[in-house]
Structure formats: C-alpha cells, structure tokens
Colleague: 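What follows is a single structure, and I will ask about it in a moment.
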Amino acid sequence: MPVLPMEQGLLLAALLFALGLVGVLVRRNVIFILMSIEIMLNAAGLAFVVAGSRWAQEDGQVMFVFILAVAAAEVSVGLALLLQLYRRLQTLDVDAASKMRG
Amino acid sequence: MILAWMIIVLLLGGAGAWAANRFSALWSRYISLLALAIDLVLVSVAASRHGQTRIGQWLVELNLNWIPPFGISLHLGLDGLSLLLILLTLFLGFISVLCSWNEVQKRVGFFHFNLLWILSGIIGVFLALDLFLFYFFWELMLVPMYFLIGIWGHENRVYAAIKFFLFTQVSGLLMLVAIIGLYFVHGRTTGIYTFDYLQLLGTSISPAVAMWLMLGFFIAFAVKLPALPLHSWLPDAHTEAPTAGSVILAGLLLKTGAYGLLRFVVPLFPEAAKAFAPAAMTIAVIGILYGAVLAFAQTDLKRLVAYTSVSHMGFVLLGVFALNEIAMQGALIQILAHGISTGALFVLVGALDERIHTRNLDNMGGLWAVVPRMGAVTMLFCLASLGLPGLGNFVGEFLVLFGVYPINIPLTVLATVGIVFATVYSLWIIQRAFHGPQREYPRLHDLSPREVGSMALMIATIIGLGLAPQPVLNTMRPSVESIIQGLGVGNSKSAVAGSPGSLDQGGAH
Amino acid sequence: MLDWLWLIPALPFAGYIVLALAGARLSRAIVASVGVGSVGLSTAVALVAGVSFINSPPSNHVYSQTLWTWISVGNFTPRVAFYLDPLSLVMTLVITFVSFLIHLYSSEFMIDDAGYSRFFAYMNLFVGSMLTLVLADNLLLLYLGWEGVGLCSYLLIGFWYQDPANGRAARKAFIVTRVGDTAFAIGLFLLFTHLGTLQIQEVMQRAAQHWTMNSPLAIAAAALLLGGAVGKSAQLPLQTWLPDAMAGPTPVSALIHAATMVTAGVYLIARAHVLFSLAPPVQSAVAVIGAATLLIAGFSALSQHDIKRVLAYSTISQIGYMFLALGVGAWSAAIFHLMTHAFFKALLFLAAGVVILAMHEEHDMYKMGGLRRRLPLTFWTFLIGAASLSALPLVTAGFYSKDLILWSAWSSPSGSTWLWIAGLVGALLTSLYTFRMVFLTFFGEAKYEVNYTPGNGIRLPLIVLACLSLVGGIVELPRTVGGQPWFSEFLGSALPALRYVEGRTHAELVLQIVAAVVSLSGIYLAYLFFLRRRVSADGAARSMLGAALDRFWFGGWGFDWLYNKLFVTPYIWLARTNKDDFIDSIYDGIAKLNEVFYRALSQTETGKVRWYMTGIALGAIVAVAIVVFL
C-alpha cells in the first residue's frame, strides 16, 4: 500500500486549518463561521489520519471517526443555536450577539 | 451509632420540614421541633448510658471507615466538652425555631431546612474526631447560613451574606491547607497517612512548621470567634440576619471557633500554642476593649449587641490561651453563658423589631411603661452581659481572670477594665430603649406566652450557671484536664516567652 | 437557733422573687405586707440569732454555715457560705433593723406611686444582697453582695425612669462604683494567686503568715481593696456619684445612700483589717483619704440648697470619719460610728422625706421655712437627728461615736495631731451645715402653706430612730463618762482593740471638752448666720471671693468637671469617631481594590466571538512557540 508522504499530508492539514481559522476570524456570518469550524475539525482529522498511516496504527482513523461524531454534534447544536440567534436578533451577524460583554 | 443518628435526624428533619411546607407552614415548624426533641433524647441517652463506664475521656465513640486509601474515617466522639456544646446547640435550636414562629413567613419550609442543616453541621463539628470530617462539617455549616442571611435577612442582607461567606470561606481554606500540611508531616514522620485526630495528637513537628500549621488553624478559628482584627464580618452578619440567624451565629457559630481552639489548636500544637499564647492573649484583650467601645457607639440595637459579642468572646480567647485549668474552665462557662445571654438579647431585639419596626435606639425610649415584662427580661440579660455576679457570665469572666492573673498581670488589669466598659454599654441599652421619656408607639403587646416560656428557660439557665455552675464544671473537667495534660508533656522543653509567672495552676504560695 | 442563719438573707430574696414574678397583679396591701413582712421576718430571725449568739456564744465567737459549693475548679473553691462573728452580727442587726423601719416608712410614703411593687421588689433585693455582703464567708460571695447592692442602688436611683436626669445619675453611680470594683476584683485575683484561697479568715491567716509588714504584695492587696471601698463608700476620689444619687426616692436615699450600702466600704476594710495592718502606708492613706473627704464634703454641704444634697454631702463627710477611724486602727470606733450614723442619718433622710412630701416635691431649703409648727413631730425628730449628727455633747449617740474617733485620731500610734485637727474642723463644719439646714427649713417665716400629717407608718420609724439616735451611744461609754466599752469588747474577738500611745491618754477629758465646744460653737455660728442674720451669710456669699468659693463648693470642688474632661468626653469622642470601625474600612479597601482589577479586566470582555477566537488562536500560537522554541 502506497504510504502517504507525511510532510505533504501535514502541510495540507495545516493549510486547511489556517483557512478555517482565517474564515472564523474574518467572517461575520454565523453560517460561514460554522462551516469554517468544520474545515478546522476536518483538518485536524486529516492530521490524525496521516499520522495513523505513518505509524501504521489504527488509532488515527478511530480518532477521525470520533471527530466526525463531534462535528456532527457540533453542527446540530450550532444550527439550533443559530436558529435561536436569528429569531432573537433577526440577523446572522455574530458581532451583534455581544450581550455577554463585561 | 447514636452519634451518627444525632446528625442524621437533623438532616432528615430538615428535608422533612422542607417537604412538609407543601401542606402547611405549621407542619414545618412542628417537624423541626420534633427533630430537635428526638436529638435531645438521643443526647441524653448517650450521656446517661455511657456516663458510668467511660473509656478515657470519650463518653461515646464511633469509628467507621470512609475513604481508607487516604486515611479518612467517620470518626465521631462525645466527651464532656462536646456534650455541653451540643446541649447548647439543641437548646438554642429550640429557641430559634420558637422565635421565628411569627417572624418568618416567607418560604417557611426552606427556612427550617437551612436551620436544621446548620444545626447538624454544628453538631458534626462538635463531634468530629477526623480532621477531614471536621472540615466537611465546618463547610456544611456555612452554606445554609449563607442562605439564611441572604434570603430572610434585613435590608442589606446580600452584602452581609457575601461578606460572611468570604471571611469564613477564605479562613476555612487556610485551615484546609493546614490540615493537609499536618497530614503530610505526620505521614512522612510515621509512615501512616491519616486524618484521625487521636493519631495526629502528639505528632512531632519542627517548631517553625508547627507554628505555621498552628496559625492556619488559629486564623480559621479566630475569624469565627471572632478575634480582632478579623471580626468585621460579624456586625454585618448579625445585624442583617433574621433573629434565628443571629441567635445561631452568636450562640453557636462563634462557639465552633472557641471549640476548635480547645480541641485542635492547643492539643495538636502544644508548643506552638504556648509560644503564641502571649500574642493571642494580647489580641484577646484588645478585642475586649475595642468591642466594648464600639458597642457603646452604635445606634442600631442589633449591631450593638453584635459588638458586645466581640468583647465577650475576647474573654474566651483569653481563657483558652492562659493554658491553665481555671481559665479554660472559665472560658467554657463563658461560652455557654454568652451563648444564652446574647442569644436572648437577639431574641428580644427581634421581638422588639417585630413590634415597633425599628432597631434604631434613637427611635426608642420609655418602653418599660409599655412592655414591662420585656423590659425586665432585657434588663436581666444586659446585667448578665455586664458580668453581674449570680449570673453565668460573671462566673466565666472571673474564672478566666483568676486564671490569667498569675500569667500576665497587665492584661488581667486591662481585661477587668473591659468590664467597666461593658457596664457602660449595657446600661446604655436599658436607658435608651426602656427608660427615658416615653415615645408614641402603636398598641404594643408584651411578651406572648410562647416568648415568656422560652425566656423563662433562658433565665433559669443563666441563673443556674451563675449560682450553681458546678455540675457543668464537673462535666467539662475530664476534657480540660486532658488538654492540660497534653500541654504538660513538652513543658520542660521551652519556657513560654513573655510570661512572667509559672504556667502551673494559679494559687501557688 | 443559729442554724437559721441562712434565712436572714434568704427571706428578703424570697420577697423579691414573689414581688418580681407576681407583683404587678397583687394589691398594694399585699405588696406592702410581702415587702415589709419579709424584711420584718428577717429582722426577727436576726434578733433571735443575735440573742442566742450573745447568750451562748459558739466556740471562738464564730459560727459558719455552708449551703453549697459555688464553684470548684482546681484549688479555687469558693462556697456559698455564711459567717457570723460579732462584726457581721452587728452589721446584720443594724441592716435588718434599719431596713425594716425604712420599709415600714416606705409602705406609706410610696403608696401613691405607680411602681409600688417594683419599688418593694428592688428594696427587698437590696436588703438580701446587703445581708449577703456582710454575712459572706468568702470574698467572692462578698463581691456578689457588693455588686448586688450596687445594682439595686442603680435601679432605685433611676426608679423614676422617665426622667433622663435620673437615669444619668443612676448610671453615674453604677459606673463610678464599678471603677472602684475593678480595683477590688483585681485585689481578689491577687489574693487568690498568692494565698490560694478566698475564704476571708484563711486569707487573713495566710497573709499574716506569709507576708511581712510592708511587703509589696500586702501593700498592693490592701490598696486594691481600698479602691473598692473608696468607690462604694463615696470617698475621695470616687465620691462624685453620691450627691447625684439623691435622684432616687427618699427612702432609698435613707436606706442605701446613708445607712447601709455606702458603709460597705467601711465594713470591707474592717473585715480585712489584718491586711491593712500589714500595709501601714495604705492604712495611713485610708486615714488621709478619710480626713480629706470629710473636709471637702463638709465645705460642699455648706453651700447646697437642696436639702437632700446637704444630707448626701454630710453622709460622705461622716463616712470620712469612719475612714479616719479605720486609718488610725480604731476598727471598732469606725463600726460604732457606722451604727450610730445609720440611725441618725436614716432618721434625717426620713424626716426630710416628710418635709419634701409636705412641700410637694420641693427640695430647695430657701423656699422652705417655719415648718416647725406645721410638722411638729417631723421637726422634733429631725432636730434630734441633727443634734446627733452635730455630736451634741452627752445626750446624743453621735457624740459618743464621733468623740471616740477624734480621741483615737489623737492617741493612736498611727494617728497624728493633724488628723485630729481635720476631724475637729470637720466637726465644726458638721454642726454648721446641719443647723443651717434646721434653721432654714423649720425656723423663720413660713413661705408655704402646709397641710400634711404623716400616718403611723411614717411616724413609728421616725420615733424609733429618734430614740436610737439619742441613746444608741450607751453601748460604748468613754472612761470619762462611766467607762463602759461594751461595744468594742463585744467586737473584740473580731476586731483587735486599739493600743493607745502612752502619754497622750491623759488629755482625754480636755479633748472631749474641746470637741464639745467646737460642736456647740458650730451650732451657734449657724444660729448667727442663718437665723438671727447678725452676720450676713448672703453678703459673704455675694462678695467676689465668697461667690467663687460658693460656686466651687456647690459644684463639689470641680471633680465632676475634671472627670468629664478627663474620662467621659474622650471616651465618647473615641466611640463616636470610630463608630463605623476603621478595621472594617481596611477590608472595604481590599474589596475596592478587587473592584478596580475587575473593571480593568472586564474591558477585555467585548462580547465579540471573533475577538475571543483571535485570542484563542494567538494564545495557541504562543503556547506552541513556547513548547517548540524553549
């Protein structure tokens, strides 16, 4: 089985993660933020898979499945929150949801 | 097992009282009284059944495993000292339930739940012979007390409740650190890691470490006592608490501090306690004078009584650190007498507040003509508080002073001057509230039969303590003697700094 | 019969309990019978005990009875026990008898007062405490009685509590005496620490064994007890409370502030005479305090207008005589004067009470006058009391007791000519102010229409006390007049007799004549000043110096002013300034500091999610950088 070159795999994961992070930081729409977080989670998952293949351990893939579950949960909770947010504020702009400032 | 039941009955009674509020507020009150009565029966059974055949100083002991890996056990023990304090707890428990009969109308069930849980925490504190368990009960007292002040208190209750909680919590954490420190010191020297009080007694600790650990305990207890300058939570808490809360605070919570000093600080760290004694006694005397002067300045009657507690508990601290039998017995009598006299004063102030809706002395005057019975009872307890012979406080204060005199004359003199100050504020209460020209009052009723009953009990007790305190002294004697013996072990090693006299019991020729 | 000793204090206490619990519901007749009856029974028991004590004296002339052990801790074991010896027997008899008469008087005098039962309750409590004081077998029980009478004094001075002035006087009395009591208490600590007991007789024995003459401990102990005695007996420097104490009802002034309680200090010193003998400096201090007080109070009495205040200062002055006697070692002379003083001063107060009642609460002597015809019985009894107080030679009891004191001051080893002269000047002052009072009140033109005749309840005590004031002196006759020192012989087993200095005794008759002349000339001077007005006292008082002196004396030599400036004002200032407890503000400061930090940190909480994310990202980068590069 061809072994994935670890450097490229990790670089891709880092790139994806950075993309997601930038997305989270610059977008104001909650939907896009959630999507960016998905990307970050998957980037982390990718890193696990790459590492698992490098050391020929199944743990990496187990972790990816675990991350998938977490992501699914996160999306469901996140979307519910998003609906509530929209109902309350009539907007999807996160900066508008700043009631908890000190 | 009877000791555990004493605590459990109150816990269950509290839960029951809360639940019973569904049906009627009256049910909550009756269930609370019932729980206290059962406890009283349990105590008397425990005291009488084992009174004859006692094992060492413990009348009854209970030792069960709790968390063996850490050396934590459910170790409870009853001796003369804790027996008397538990009797005081139950007595004031009854009084608290009775005095809130009319005053508390809001969330009655939850009120009694808190009340009984505080009491069970206090009884636990008086019984625990395992430091971890002791700490557990120590904290158990706090939370319901916080609610009691915060929910049923007067105008400024939230501030007072938070202040109370912060002071006691922070100092409690210091004690926890000291407990764990002691645990490890003992573990390292003997290889046995245990929180058991009896095993920790006589741990050999280097003087410096012992001093730090002792201070950890001391500060926790000094906050509760309260000793200067850690007293400032007390006036606020007492003033803002509902009557029952003030009674329990002044009558019982302060006493846990004194109990802690006697049970833990002195026996666990005899050398450090001896070295620290002059400082502690100085603090005590300053507290006596300072509290008395401040009490005189107050216009809020409840606050005034609160400051008198600072002054009176100074005598307790003084007596404990005189480290001889007479003074310690005096401190114990003072604990009991102060619990009753100050408790009664708080009940009376509460009753007055209920009738004329003010605690401000400027709005009172001439009440004697309107409510003579109340005036007479207040007069009696003010006299107790100024140390009139024949009433309990006199015996306590004078025994303390008799014990302290051989050790430190200047402090004795200053403390005696404190009694003059006590006269000033006590007479001031009578003058401002009951004497003087009569003001306009709405129709007032004098003490009701229920109030007369509870007052009569307290009066009988305070006079009994004053004229025939011997049974009480006899009950406490084994405990005090064992504390004194514990001190004697290391007596030769270091002379006590700063004490001109010898430490033996006063009266050497 | 001595087994019933405990009943003597117990009966008045029982009366108190009955009246305190049920007094408000009882009729006046029942209240009076309980109040007077309990003291009457107590008097009867005391008389029976006295008779049996004299007829068949117990061994060593001492009888003691233990009721129960009060406290027992280590070697501290004071008991509730009574001790009867000639000294306490005399005190008990005087107290019960005078108390009974005054109670009887009060049952009529106070009949219109709303607080009738409260009055008798307090009075009974007082009698019980006073008897406990004199019968106590140990110093702690004595202290109980001591504080108990102080409390009753407070309660009764402030009896009419609606008037804040009465409350002030009452508090002053209690607090000033408590200052003295502090010294007393410290004395108890000292005695117990060094002698290991508080039982009075053992204390005295051990003190004599363990302490040498002039040893510092003996001096300290005696000085501390003196502190207590000075407070209770209103002697210099704690005398200021007694004149104000006249705010109480007149029977109270008669009983507590003349006949019994204020003499407790004298009793204490006589009881502890062994200690004082071991401390000659303190004993001389007692004499000097007595001499100074009797002069100061005598001058003050001279310029008072209020009849009761004159009597109050006179009481201070007469107790000064007793202290003088104690100070020169004439223990039994002091007790003798205590007894005769109890009779004639109680009489004077009771008669003054009738005058005040007849004048509708008027106390000012300058508004009285000519009452001689309106109140004949009162006049005659008052006159007898006044004569006795002025020590009118031969016919009055006061002469014998005061003469004995003057004589002792002259001829005792620790006496001196100066003390004698002070006593003599005091005697002149005494008869001057006493007859000033008599002339102003009962002679001259009537300024007020009086229609009042006292009933039997008031008349009987006046007559009995008047008789005693006349003949009470026969129990101790000096050598020059028959020589029958029965009283001091009786006290002999409890109080050692005074040893006179040889060589000064031959002058006894001369001295007595001098004293008699002084006393008579005082009366004559009073006659000149205040009745014939040959010499205008008003004119003297109006001159610059006279007015200044008058004001100075009137205000009690400025002691009140001084104490106010020295103690009261600073204390109140201190309390008021620190009302909010500066320690609390330290904790408030900590709380404020926390608030500042909290405000600063809460600035970073913008509520913007992206801001937080940036924070997390940067934090993660920094954390990774630390791990990687360090």
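Naming: A, B, ... by sequence-line order, numbering from 1 per chain.
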Colleague: Can you name the residues that form a ring pair (Phe, Tyr, Trp, His ring centres under 6.0 Å) with F398(B), not counting sequence neighbours?
Modeller: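 Only F394(B), Y143(C), F189(C) meet the ring pair (Phe, Tyr, Trp, His ring centres under 6.0 Å) criterion with F398(B).
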Colleague: Are any of the side-chain heavy atoms of F402(B) and L140(C) separated by less than 4.5 Å?
Modeller: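 The answer is yes, as the side chains (C-beta and beyond) meet within the 4.5 Å cut-off.
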Colleague: Which heavy atom of I326(B) sits nearest a heavy atom of F192(C), and at what distance?
Modeller: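 Smallest interatomic distance, heavy atoms only, reads CD1-CE2, 3.8 Å.
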Colleague: Measure from the side-chain N and O atoms of W70(C) to the backbone N and O of G466(B), and report whether any donor-acceptor pair falls under 3.5 Å.
Modeller: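 Yes; at least one donor-acceptor contact below 3.5 Å.
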Colleague: Please classify the contact between Q329(B) and chain C as side chain, backbone, both or neither, with a heavy-atom cut-off of under 4.5 Å.
Modeller: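 Only the side chain of Q329(B) comes within 4.5 Å of chain C.
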Colleague: Any residues in residues 566-590 of chain C near chain B, with a heavy-atom distance under 4.5 Å, and which are they?
Modeller: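 Residues of residues 566-590 of chain C touching chain B at under 4.5 Å: Y571(C), I572(C), L574(C), A575(C), R576(C), N578(C), K579(C), D581(C), F582(C), I583(C), D584(C), Y587(C), D588(C).
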Colleague: Measuring heavy-atom distances to chain B, does L191(C) have an atom under 4.5 Å in its side chain, in its backbone, in both, or in neither?
Modeller: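 Contact with chain B is absent: no heavy atom of L191(C) under 4.5 Å.
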Colleague: Would you say that L383(B) contacts Y154(C) through its side chain, given a criterion of any heavy-atom pair below 4.5 Å between the two side chains?
Modeller: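 Not in contact.
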Colleague: Are there more than 12 heavy atoms of other residues, nucleotides or ligands under 6.0 Å from atom CH2 of W160(C)?
Modeller: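 Enclosed.
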Colleague: What residues of residues 162-171 of chain B sit under 4.5 Å from chain C when you count only heavy atoms?
Modeller: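 Within residues 162-171 of chain B, near chain C: K163(B), F167(B).
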Colleague: Between A369(B), P235(B), G366(B), A376(B), which residue shows the highest count of heavy-atom pairs closer than 4.5 Å to chain C?
Modeller: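 Result: the option with the highest number of such pairs is A369(B).
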Colleague: If you count heavy-atom pairs under 4.5 Å with chain B, which of L155(C), I175(C), L190(C) comes out on top?
Modeller: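 It is L190(C).
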Colleague: With a 4.5 Å limit on heavy-atom distance, are the side chains of S72(C) and R477(B) in contact?
Modeller: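 Answer yes - side chains close enough.
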Colleague: Which atoms of L141(C) are under 4.5 Å from chain B, going by heavy atoms: the side chain, the backbone, both sets, or neither?
Modeller: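 Contact with chain B: none, neither part.
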Colleague: Calculate, to the nearest 0.5 Å, the distance between atoms CD and OG1 belonging to Q470(B) and T77(C) respectively.
Modeller: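 Those atoms lie 9.5 Å apart.
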Colleague: Which members of residues 428-439 of chain B, sorted by number, sit under 4.5 angstrom from chain C on a heavy-atom basis?
Modeller: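 W428(B), I430(B), Q431(B), F434(B), H435(B), G436(B), P437(B), Q438(B), listed by number.
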Colleague: Find the one option among V424(B), I419(B), L388(B), L401(B) whose heavy-atom pairs under 4.5 Å with chain C are most numerous.
Modeller: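 Maximum pair count with chain C is reached by L401(B).
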Colleague: Which residue out of W233(B), F296(B), W368(B), Y307(B) racks up the most heavy-atom pairs below 4.5 Å with chain C?
Modeller: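 Counting heavy-atom pairs under 4.5 Å, the top option is W368(B).
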Colleague: Less than 4.5 Å to any heavy atom of chain C: does that hold for the side chain of L294(B), its backbone, both, or neither?
Modeller: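 Only the side chain of L294(B) comes within 4.5 Å of chain C.
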Colleague: Quick check on L427(B) against chain C: is it the side chain, the backbone, both or neither that has a heavy atom closer than 4.5 Å?
Modeller: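 Answer is both: backbone and side chain atoms of L427(B) are under 4.5 Å from chain C.
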Colleague: Which residue in the set T423(B), V417(B), V420(B) passes side-chain contact (heavy atoms from CB on, under 4.5 Å) when paired with V179(C)?
Modeller: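 That would be V420(B); it is the only one of T423(B), V417(B), V420(B) passing the side-chain contact (heavy atoms from CB on, under 4.5 Å) with V179(C).
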Colleague: Counting only heavy atoms closer than 4.5 Å, note whether W68(C) contacts chain B via side chain, backbone, both or neither.
Modeller: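 The side chain, not the backbone.
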Colleague: Show your reasoning for whether side chain to side chain contact (heavy atoms under 4.5 Å, CB included) applies to V395(B) and I71(C).
Modeller: CA-CA 8 Å; V395(B) 177; I71(C) 302 167; 3.7 Å; yes
Colleague: For L144(C) versus P389(B), what's the shortest heavy-atom pair and its separation?
Modeller: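 Minimum heavy-atom separation between L144(C) and P389(B): CA-CB, 3.5 Å.
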Colleague: Which answer fits T416(B), side chain, backbone, both or neither, if we ask what part of it has an atom under 4.5 Å from a heavy atom of chain C?
Modeller: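 The answer is both parts of T416(B).
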